[in-house]
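Take a look at the structure set out below.
So you know, we letter chains A, B, ... as the sequences are listed, proteins then strands, and number each from 1. Side chains included, hydrogens not; waters and symmetry mates left out as well; all remaining heavy atoms used.
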Protein chains: 2
Amino acid sequence: MVTETVENYLKAVETLSRQGEVGVARLAQELRLTKGTVTSMVQRLARRGLLRAPRYGSVSLTPLGRRKALDVLRRHRIIECFLVRYIGLDWTEVHVEAERLEHALSPRVLNRLDALLGHPSRDPHGDPIPTARGHLRVAKDVPLDRLATGARARIERVMHQSPRFLRTAASCGLLPGAAVVVMQSASGASGVQLRIGRRAPVRVGRSIAQRVMAVEVEQPRLRRRASRAARATDRKVGVA
Amino acid sequence: MVTETVENYLKAVETLSRQGEVGVARLAQELRLTKGTVTSMVQRLARRGLLRAPRYGSVSLTPLGRRKALDVLRRHRIIECFLVRYIGLDWTEVHVEAERLEHALSPRVLNRLDALLGHPSRDPHGDPIPTARGHLRVAKDVPLDRLATGARARIERVMHQSPRFLRTAASCGLLPGAAVVVMQSASGASGVQLRIGRRAPVRVGRSIAQRVMAVEVEQPRLRRRASRAARATDRKVGVA
DNA sequence: TCAGTAAGTTTGACGAGTCAAACTTTGGGG
DNA sequence: CCCCAAAGTTTGACTCGTCAAACTTACTGA
Ligand SMILES: [Mn+2]
Ligand SMILES: [Mn+2]
Ligand SMILES: [Mn+2]
Ligand SMILES: [Mn+2]
């Protein structure tokens, strides 16, 4: 039986592994546990065939483990969509709620929810939702601080789940779907200067710019409508 | 911290205590655990001030324990309403789903859900929903096998959660809100003969009649509209 | 009245999940 | 090349929730 705890470990390995090696220390930090605890748990999961855990090496998911991790991730993100759309929660707060509900949702209910939402492909933060068959689309977006001066781009996702961070991002219009123009690209520690939508240009610090992902837009002068999701969120957050 | 396990114990004590003494054996049966396990758990909960557990006596809830039990029950029943109304699950199946979700719902989400549903006072089985302040209305309904011949009544609730049982009840029209006339009252083991709605009279066995609760209707000839809940359920179950 | 049975308790054991603290390995800077 | 801090592991202990099996108490009905 896969407990809530096990699901959380697997999900953590999956998400951390998208940004480099997954060490015990990193996992321990993510899960807010001690290193010793993580070492022993990781060894047990390896014995169960869910992880590979070479001694002193980087932890990785087996196909089975990955499958289960993506199942959890799918539940998590579909729940987030649902909480925003039907329950009326703010996108800055849904993460914690989903963190608990993701373990209590039967396949039945999940499927109904998915259908009710029209089979969404992204959650409110712009993160892709794994398919029911366990496939996760790889995003080819880039953090704002890698964009060159003059680039035009569309915000794809806002990484990092803390409400503090998300509120800050939202307050300057950095929401999935928003259009941005880079007035002055990031250099040193000074951050990046942006025009977001039709707002006055603002300077965005490195720590934020690193965590907001965007894709460059090819046809900049062609006026595009913001996506439905972006407009809905705008209303919710009170963006003009 | 109140774990899922503890919540289940408290809820079980609360519901069982409405039908007599709550002994360890009865609790063990309800929770599908051994007597020994229940004894020790019940003693721990007593130490925590949630239960009273006199040696060899009947278990009961302290005010604190009762409060927590009713909170869980409230969550359970609101979730059931939600699953029927928004997710489209059948009333015969919502119980198991709610059994897991009831432990994962934050007060925030619960309140939104409650509002979304228009603050329902009963769940799909007709069971009353405790208020947010922890008050549970006492029902003065009576099982079908206590009704006299000629009595006219309205079904209030169908006790017992097994899908098998609920499907059987539904198949002969015994749903909350349905109108019944007692053609022949229960006697011996023979069950009761009923006219349910406008259907042809049927004989309902004791085991069923004992678990379907009804209230006598004063003005039998005054044609009353079925409650909204009853009609919704009728559609779902395919009742004419 | 008292024997048999149902109800309740105790005991000893276990797996999951966790921590603190001591210990070992690894890898990069001097 | 070597040292040492960071990363990883081990050890010993603890709580929670559970079981099986032996034991004790209470009640019922003959
Ligand atoms: Mn979680
Ligand atoms: Mn998300
Ligand atoms: Mn439950
Ligand atoms: Mn119910």
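At whole-Å resolution of the value, CG in A/Leu51 and P in D/dG8 are 14 Å apart. With rounding to whole Å, B/Arg44 atom CZ is found 6 Å from D/dG17 atom C1'. Distance CD (A/Glu21) to P (D/dA7): 13 Å, rounded to an integer number of Å. In this structure, the CG atom of A/Leu31 is 18 Å from the P atom of C/dA16, given to the nearest Å. Note: CZ (B/Arg48) to C1' (D/dG17) measures 12 Å, nearest angstrom. Between B/Leu45 atom CG and D/dG17 atom C1' there is a gap of 11 Å when expressed in whole angstrom units. The distance between atom CE of A/Met1 and atom P of D/dT18, rounded to the nearest whole Å, is 13 Å. For B/Glu7 and D/dG17, the CD to P distance is 11 Å, given to the nearest whole Å.
The side chain of A/Tyr9 sits closest to C/dT18 out of D/dC19, C/dT18, C/dG8. Residue B/Thr3 has its side chain nearest to D/dG17 when only D/dG17, D/dT18, C/dC19 are considered.
Counting only heavy atoms from C-beta outward, the side chains of A/Cys81 and A/Tyr86 never approach each other to under 4.5 Å. Between B/Arg75 and B/Glu7, the closest side-chain pair of non-hydrogen atoms falls below 4.5 Å.
For the helix from C/dT1-D/dA30 to C/dG30-D/dC1, the end axes, each set by the C1' atoms of five terminal pairs, are bent relative to each other by 10° (nearest 10°).
Contact check, A/Thr5 against C/dG17: a side-chain N or O comes under 4.0 Å of OP1 or OP2.
The pair A/Arg100-A/Glu4 does not count as a salt bridge, with every side-chain nitrogen at least 4.0 angstrom from each carboxylate oxygen. A salt bridge is absent between A/Arg167 and A/Asp90; no separation between the charged side-chain nitrogens and carboxylate oxygens falls under 4.0 Å. Using a 4.0 Å cut-off between a side-chain N of Lys or Arg and a carboxylate O of Asp or Glu, A/Arg67 and A/Glu14 do not qualify as a salt bridge. With respect to the salt-bridge test (charged N to carboxylate O, under 4.0 angstrom), the residues A/Glu102 and A/Arg74 do not qualify.
Summary of the strand contacts: A/Tyr56 and A/Glu4 both lie near DNA chain C, and taking for each the nucleotide with the nearest heavy atom, the more 5' one is attributed to A/Glu4.
Side chain of A/Arg52 to backbone of A/Leu61: a donor-acceptor contact under 3.5 angstrom is found. At distances below 3.5 Å, at least one donor-acceptor pair connects side-chain atoms of B/Arg77 with backbone N or O atoms of B/Pro128.
Using cut-offs of 30° and 60° for the angle between ring planes, the A/His95 and A/His125 rings count as perpendicular.
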Using a cutoff of under 3.5 Å, can you pull out all pairs of nitrogen or oxygen atoms linking the protein to nucleotides 10-14 of chain C, with atom names and distances?
unit_1 : atom_1 : unit_2  : atom_2 : d
C/dT10 : OP1    : B/Arg55 : NH2    : 2.3
C/dT10 : OP2    : B/Gln43 : NE2    : 3.2

